Undergrad: 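Quick one: the structure is below, questions incoming.
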2 protein chains.
Amino acid sequence: MATSTVEDYLKQILLLSEDADELVSMGALATALEVVPGTATTMVKALAANGLVDHHLRHGVQLTAAGQRVALGVLRRHRLIETFLVDVLKMDWTEVHPEAERLEHAISDAVLDRLDALLGYPAADPHGDPIPTRQGKLDSQVYATLATCIVAKPLRIVRLTEQSGEFLQFAEQNGLRPDTRVRVTGRNLPAGLLTLKKSSGRALTLSLAAAGNILVAPAK
Amino acid sequence: MATSTVEDYLKQILLLSEDADELVSMGALATALEVVPGTATTMVKALAANGLVDHHLRHGVQLTAAGQRVALGVLRRHRLIETFLVDVLKMDWTEVHPEAERLEHAISDAVLDRLDALLGYPAADPHGDPIPTRQGKLDSQVYATLATCIVAKPLRIVRLTEQSGEFLQFAEQNGLRPDTRVRVTGRNLPAGLLTLKKSSGRALTLSLAAAGNILVAPAK
DNA sequence: GATTGTATTTTGAATAGTCAAATTGTTTTC
DNA sequence: GAAAACAATTTGACTATTCAAAATACAATC
């Protein structure tokens with residue numbers, strides 16, 4: 001019943017509602033799914049007719065409990081597949097996202113359970129994104145970003161939001177992977193720049209926009 | 001360009017043309033794909049328009065070189081995935097076929113190459129079906145079946161054609177897997193029955209119809 | 001050679017998903 | 001509070017795939 005298009009819409013609504021709390025706008029949804037806005041409206045109405053979302057005309061969409069269940073399932077499949085591709089097949093963590101994007105619609109629960117066991121029931125994927133449990137629980141801990149954290153404190157990168165290949169390759173080239181230790185050395189708001197130092201001693205500069213995609217926690 | 005429906009049609013035409021040499025009839029194709037005959041006709045015309053098959057009106061279809069290339073790619077993906085599911089994920093070889101049926105359309109060449117390497121470049125899948133090479137070469141060695149082989153000679157099962165769960169579970173329950181050693185002890189053509197003895201000493205009876213799906217070679 | 005049976009093809013309609021373009025609502029801004 | 005700007009919705013059309021049912025071709029039988 002849930003085609004892969006439907007799964008994509010639901011997953012995307014879930015992801016967008018994480019930051020832009022509550023209602024997701026049609027424009028944002030359409031952009032994320034790379035369709036024209038009218039298409040998103042049409043599809044959202046169909047989803048609403050099937051009880052998967054609540055459509056508040058002209059204000060946005062929201063997942064129903066049923067829709068959320070589906071979306072969390074897709075997200076779990078996506079993130080476990082990414083973990084498999086990196087941990088077992090040794091693929092580059094910067095390029096597994098599009099692969100998982102297609103496989104997530106084709107893998108069955110039976111296969112997924114085996115994969116989960118093989119990987120040792122991981123809590124997060126290679127980007128640090130939390131993996132929903134089989135029961136649909138998703139760790140929603142809130143982290144500071146490099147753009148909002150306290151200067152000078154020793155930090156640990158926990159997660160890179162933003163899955164684009166370019167961004168991830170930039171991160172990889174500068175050694176900004178999950179679990180890397182860093183310290184923000186300064187911010188220049190007017191210039192939109194931020195400087196930081198890695199535990200290796202290496203210093204580097206990045207834009208605040210990019211820094212906002214890097215979640216950090218205090219290095220314990 | 002090649003949707004998963006197109007891939008399914010091409011793969012099925014390849015499989016059917018292996019036994020029913022040359023032209024594949026619409027009826028056979030429609031049955032294999034579980035669609036009504038009119039649907040197969042319509043689709044085959046579309047494939048012909050794209051240069052993937054030759055349609056000999058009222059006589060049957062045949063793959064073109066381009067169609068064969070696509071079909072062999074699908075078959076390679078299917079069989080490598082089955083091998084992975086059994087060898088790495090330790091799934092039951094009698095139930096991996098439908099899983100592979102869906103994954104074969106979603107896996108990329110990059111992932112497939114890694115899988116191939118991880119599995120040690122296998123030549124056949126868990127059912128003994130030969131895996132096409134990356135270059136599209138498919139081992140087409142002809143084997144006798146249990147229904148046509150010489151009585152009393154020591155044999156080795158090389159392959160089970162027929163992917164249905166019931167048949168495979170029957171085979172598994174009676175220990176008739178690829179590489180099992182057996183000897184045909186007798187045939188009763190009028191009754192359509194065949195008796196054989198396994199290397200373990202166990203004797204068993206099966207229908208000639210079932211026996212025709214079990215390919216064998218002389219046990220060296 | 002007319003009749004019957006079977007396989008194939010054609011036709012018309014349905015569904016899922018999409019876009020382009022026109023329309024309608026809702027906010028800003030002056 | 002009218003005009004401009006922007007976001008959301010509606011409409012009509014298109015593609016891919018399917019089915020049901022009618023039409024056609026071919027082969028087999030009497």
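Predicted model, so just to flag it, every value in this text is computed and none were measured. Side-chain atoms are counted along with the backbone in the values below, which use heavy atoms only and exclude waters and symmetry mates. Here is how names work: the chains are called A, B, and so on, in the same order as the sequence lines, proteins then strands, and each is numbered from 1.
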Undergrad: How would you list, by chain and number, every residue that makes a side chain to side chain donor-acceptor pair (under 3.5 Å) with Thr195(A), sequence neighbours excluded?
TA: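 Residues passing side chain to side chain donor-acceptor pair (under 3.5 Å) with Thr195(A): Thr185(A).
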Undergrad: Please identify each residue that fulfils side-chain contact (heavy atoms from CB on, under 4.5 Å) with Ala124(B), with sequence neighbours left out.
TA: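 Ala124(B) satisfies side-chain contact (heavy atoms from CB on, under 4.5 Å) with no other residue.
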Undergrad: Quick one: is Thr42(A) getting a side-chain N or O under 4.0 Å of the dT18(C) phosphate, OP1 or OP2?
TA: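 For dT18(C), neither OP1 nor OP2 has a side-chain N or O of Thr42(A) closer than 4.0 Å.
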Undergrad: Restricting to ring-ring contact (aromatic ring centres under 6.0 Å, His included), what partner residues turn up for His127(A), sequence neighbours left out?
TA: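 Checked His127(A) against ring-ring contact (aromatic ring centres under 6.0 Å, His included); matches are Trp93(A).
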Undergrad: Salt-bridge test for Arg114(B) and Glu99(A): reply yes if a basic N is under 4.0 Å from a carboxylate O, no otherwise.
TA: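 Salt bridge absent between Arg114(B) and Glu99(A).
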Undergrad: The criterion is ring-ring contact (aromatic ring centres under 6.0 Å, His included); which residues satisfy it with Tyr9(B), sequence neighbours excluded?
TA: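 Tyr9(B) satisfies ring-ring contact (aromatic ring centres under 6.0 Å, His included) with no residue once adjacent residues are dropped.
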Undergrad: Take the protein atom NZ of Lys45(B) and the nucleotide atom P of dT11(C), then report the distance between them rounded to whole Å.
TA: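 Rounded to the whole Å, the gap is 8 Å.
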Undergrad: How would you list, by chain and number, every residue that makes a side chain to side chain donor-acceptor pair (under 3.5 Å) with Arg159(B), sequence neighbours excluded?
TA: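 Testing Arg159(B) for side chain to side chain donor-acceptor pair (under 3.5 Å), a comparison that skips the adjacent residues, returns Asp129(B).
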Undergrad: The criterion is side chain to side chain donor-acceptor pair (under 3.5 Å); which residues satisfy it with Tyr121(A), sequence neighbours excluded?
TA: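 With neighbours one apart ignored, the set is empty.
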Undergrad: Can you see if the side chain of Thr5(A) gets near the phosphate of dA16(C) - specifically, an N or O under 4.0 Å from OP1 or OP2?
TA: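 No.
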Undergrad: By side-chain contact (heavy atoms from CB on, under 4.5 Å), which residues pair with Gln12(B), not counting sequence neighbours?
TA: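 Gln12(B) satisfies side-chain contact (heavy atoms from CB on, under 4.5 Å) with Leu15(B), Leu16(B), Leu29(B), Ala32(B), Leu33(B) only.
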Undergrad: Which part of the nucleic acid does Thr39(B) contact within heavy-atom distance under 4.0 Å: base, sugar-phosphate only, or nothing?
TA: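 Thr39(B): base contact, heavy atoms under 4.0 Å.
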Undergrad: Output the residues of residues 26-35 of chain B in contact with DNA chain C, where contact means a heavy atom of the residue under 4.0 Å from an atom of the strand; sort by number or write none.
TA: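 The stretch gives Met26(B), Gly27(B) as the residues lying under 4.0 Å from the strand, ordered by number.
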Undergrad: Pick base, sugar-phosphate or nothing for Thr41(B), based on heavy-atom distances below 4.0 Å to the nucleic acid.
TA: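 Contact class for Thr41(B): base.
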Undergrad: Does Tyr9(A) or Gly38(A) map to a spot on DNA chain C nearer the 5' end, using the closest nucleotide for each?
TA: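 Its nearest nucleotide being more 5', the pick is Tyr9(A).
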Undergrad: Which residues, if any, of residues 46-64 of chain A bring a heavy atom under 4.0 Å of DNA chain D?
TA: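 Heavy-atom contacts with DNA chain D come from His55(A), Leu57(A), Arg58(A).
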